[in-house]
A.B. asks: 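Structure provided below as structure tokens; questions to follow.
Because the structure is a prediction, the values reported are computed rather than measured. In this chain, numbering begins with 1 at the start of the sequence shown.
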Amino acid sequence: MIGLIVTGHGHFATGLTTSLNLIAGEPKDYVAVDFEATDSVEDLEKKLTAAMDSLKHCDSILVLSDLAGGSPFKTSVEIGFPKGNVEVIAGTNLGMLIEINLTRTFMEDVKDLAASAVNVGKDQVVRYEFKPVKHEEVTDGI
């Protein structure tokens with residue numbers, strides 16, 4: 001099984017987790033790590049290390065973070081990369097999280113799961129475009 005960590009600024013991780021639980025049920029081998037305003041980077045490092053340690057029974061770990069280059073992303077990379085079985089993704093959205101949480105139960109390669117997460121995340125970003133309905137009158141009486 002691939003373990004899953006969600007992290008981000010403020011209550012990003014616990015907020016997404018609440019939504020995930022509502023839509024798909026409570027996930028297994030899953031940890032949410034918030035980087036709160038009162039936390040230092042060292043606090044975040046301790047939280048992420050504890051999260052990864054709690055998933056050490058997993059074959060690998062996928063970390064989904066909010067922003068590329070932000071402290072949760074950079075710290076996840078710094079802690080996870082040396083382990084050799086951790087992939088880190090930035091730009092997480094709820095649609096990505098829901099699909100990846102379900103997909104990871106039957107995927108074995110964390111690199112493939114990470115690639116899938118990026119594709120799903122991109123596909124989840126859409127723009128609504130209003131297109132007026134054109135009414136055509138039928139002139140032949142049918």
Side-chain angles (χ1 to χ4, degrees), residues 1-139 142:
M1 173 67 120
I2 298 172
L4 190 58
I5 297 172
V6 177
T7 187
H9 295 84
H11 296 277
F12 178 82
T14 52
L16 280 180
T17 301
T18 300
S19 297
L20 175 65
N21 291 345
L22 179 66
I23 296 166
E26 193 169 330
K28 293 182 180 180
D29 298 321
Y30 178 99
V31 182
V33 178
D34 287 328
F35 181 43
E36 300 180 69
T38 56
D39 289 340
S40 66
V41 174
E42 291 77 24
D43 293 332
L44 177 61
E45 185 176 326
K46 288 175 187 173
K47 289 180 181 182
L48 286 167
T49 298
M52 289 183 194
D53 287 347
S54 76
L55 297 173
K56 65 183 172 192
H57 62 280
C58 296
D59 297 327
S60 53
I61 299 170
L62 178 62
V63 180
L64 301 176
S65 68
D66 56 354
L67 299 172
S71 294
F73 176 82
K74 290 189 297 188
T75 306
S76 296
V77 169
E78 290 168 357
I79 296 168
F81 182 75
K83 294 182 182 299
N85 66 340
V86 176
E87 289 285 319
V88 182
I89 302 290
T92 303
N93 59 46
L94 181 58
M96 174 199 294
L97 176 58
I98 291 167
E99 187 161 331
I100 293 309
N101 180 59
L102 297 173
T103 304
R104 72 187 172 107
T105 60
F106 59 84
M107 287 187 88
E108 295 180 13
D109 188 329
V110 71
K111 292 184 185 313
D112 290 343
L113 185 62
S116 178
V118 170
N119 289 328
V120 169
K122 288 177 184 178
D123 291 344
Q124 291 293 318
V125 177
V126 297
R127 175 181 171 257
Y128 173 77
E129 186 176 336
F130 179 76
K131 293 183 181 180
V133 177
K134 294 182 182 179
H135 296 283
E136 294 182 24
E137 279 192 41
V138 180
T139 58
I142 299 177

A.B. asks: Can you see which heavy atom on Pro82 is nearest to which on Val77, and at what distance?
C.D. replies: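 For Pro82 versus Val77, the nearest heavy atoms are CD-O, 3.9 Å.
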A.B. asks: Can you give me the closest heavy-atom contact between His9 and Pro72, atom names plus distance?
C.D. replies: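 Reported closest heavy-atom pair: CE1-CD, 3.4 Å.
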A.B. asks: Rounded to the nearest 0.5 Å, what separation is found between the OG atom of Ser71 and the CD atom of Glu45?
C.D. replies: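 Those atoms lie 11.0 Å apart.
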A.B. asks: I need the Phe35 CZ to Asp66 CG distance, nearest 0.5 Å.
C.D. replies: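 It comes to 10.0 Å.
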A.B. asks: Within this structure, what is the CG-OG1 distance for the pair Leu97 and Thr17, rounded to the nearest 0.5 Å?
C.D. replies: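 Between Leu97 CG and Thr17 OG1, I get 6.5 Å after rounding to 0.5 Å.
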A.B. asks: Any donor-acceptor pair under 3.5 Å linking the side-chain atoms of Ser116 with those of Asn119?
C.D. replies: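 There is no such pair (donor and acceptor under 3.5 Å, judged by atom type) between the side chains of Asn119 and Ser116.
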A.B. asks: So, for Leu20 and Tyr30, which heavy atoms are closest and what is the spacing to 0.1 Å?
C.D. replies: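 Taking every non-hydrogen atom into account, CD2-CE1, 3.7 Å.
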A.B. asks: Hey, are the side chains of Thr7 and Ser76 touching, using non-hydrogen atoms and a 4.5 Å cut-off?
C.D. replies: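 When only atoms from C-beta onward are counted, Ser76 and Thr7 do touch, with a gap below 4.5 Å.
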A.B. asks: Could you tell me the separation between the OG1 atom of Thr105 and the CG atom of Leu113, rounded to the nearest 0.5 Å?
C.D. replies: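 One gets 10.0 Å once the value is rounded to the nearest 0.5 Å.
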A.B. asks: Could you give the distance from CG (Asn21) to CG (Leu16), rounded to the nearest 0.5 Å?
C.D. replies: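 It comes to 11.0 Å.
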A.B. asks: Once rounded to the nearest 0.5 Å, what's the spacing between atom CG of Leu62 and atom CD1 of Ile89?
C.D. replies: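 Going from CG on Leu62 over to CD1 on Ile89, the span is 6.0 Å.
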A.B. asks: Check for a donor-acceptor pair, side chain of Ser60 on one end and backbone N or O of Ile2 on the other, with a separation under 3.5 Å.
C.D. replies: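 Pair absent, no side-chain N/O of Ser60 close to backbone of Ile2.
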A.B. asks: Check Ala90 against Ala68 and note the closest heavy-atom contact, atom names and distance.
C.D. replies: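 Minimum heavy-atom separation between Ala90 and Ala68: CB-N, 3.3 Å.
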A.B. asks: Mind checking whether Leu67 and Phe73 have side chains closer than 4.5 Å, heavy atoms only?
C.D. replies: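 No, their side chains stay 4.5 Å or more apart.
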A.B. asks: I'd like to check Val63 versus Ile79 (side-chain heavy atoms, cut-off strictly below 4.5 Å). Are they in contact?
C.D. replies: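 The answer is no; the side chains never approach within 4.5 Å.
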A.B. asks: Work out which heavy atom in Glu36 is nearest to a heavy atom in Lys47; give both atom names and the distance.
C.D. replies: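 Taking Glu36 first and Lys47 second, the nearest heavy atoms are OE2-NZ, 3.8 Å.
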A.B. asks: Would you check if the side chain of Asp39 reaches a backbone N or O of Leu44 as a donor-acceptor pair within less than 3.5 Å?
C.D. replies: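 No.
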A.B. asks: For the residue pair Thr92 and Ser65, what are the closest heavy atoms and their distance?
C.D. replies: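 Nearest pair, atom of Thr92 first, then Ser65: OG1-O, 2.8 Å.
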A.B. asks: Would you mind reporting whether Leu48 and Glu78 have side-chain heavy atoms less than 4.5 Å apart?
C.D. replies: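 Side-chain contact under 4.5 Å: no.
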A.B. asks: Taking salt bridge (charged side-chain N to carboxylate O under 4.0 Å, His left out) as the cut-off, I'd like each qualifying pair that reaches into residues 98-123, sequence neighbours left out, listed once.
C.D. replies: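 For residues 98-123, and leaving out neighbouring residues, the salt bridge (charged side-chain N to carboxylate O under 4.0 Å, His left out) pairs sorted by first residue read Glu87-Lys111.
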A.B. asks: Within the distance-only criterion (no hydrogens, no angle test), does the side chain of Asp43 pair as donor or acceptor with the backbone N or O of Ser40 below 3.5 angstrom?
C.D. replies: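 Confirmed, Asp43 side chain pairs with Ser40 backbone.
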A.B. asks: So, does Asn85 use its side chain to make a donor-acceptor pair with the main chain of Asp59 at under 3.5 Å?
C.D. replies: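 Checked: pair present.
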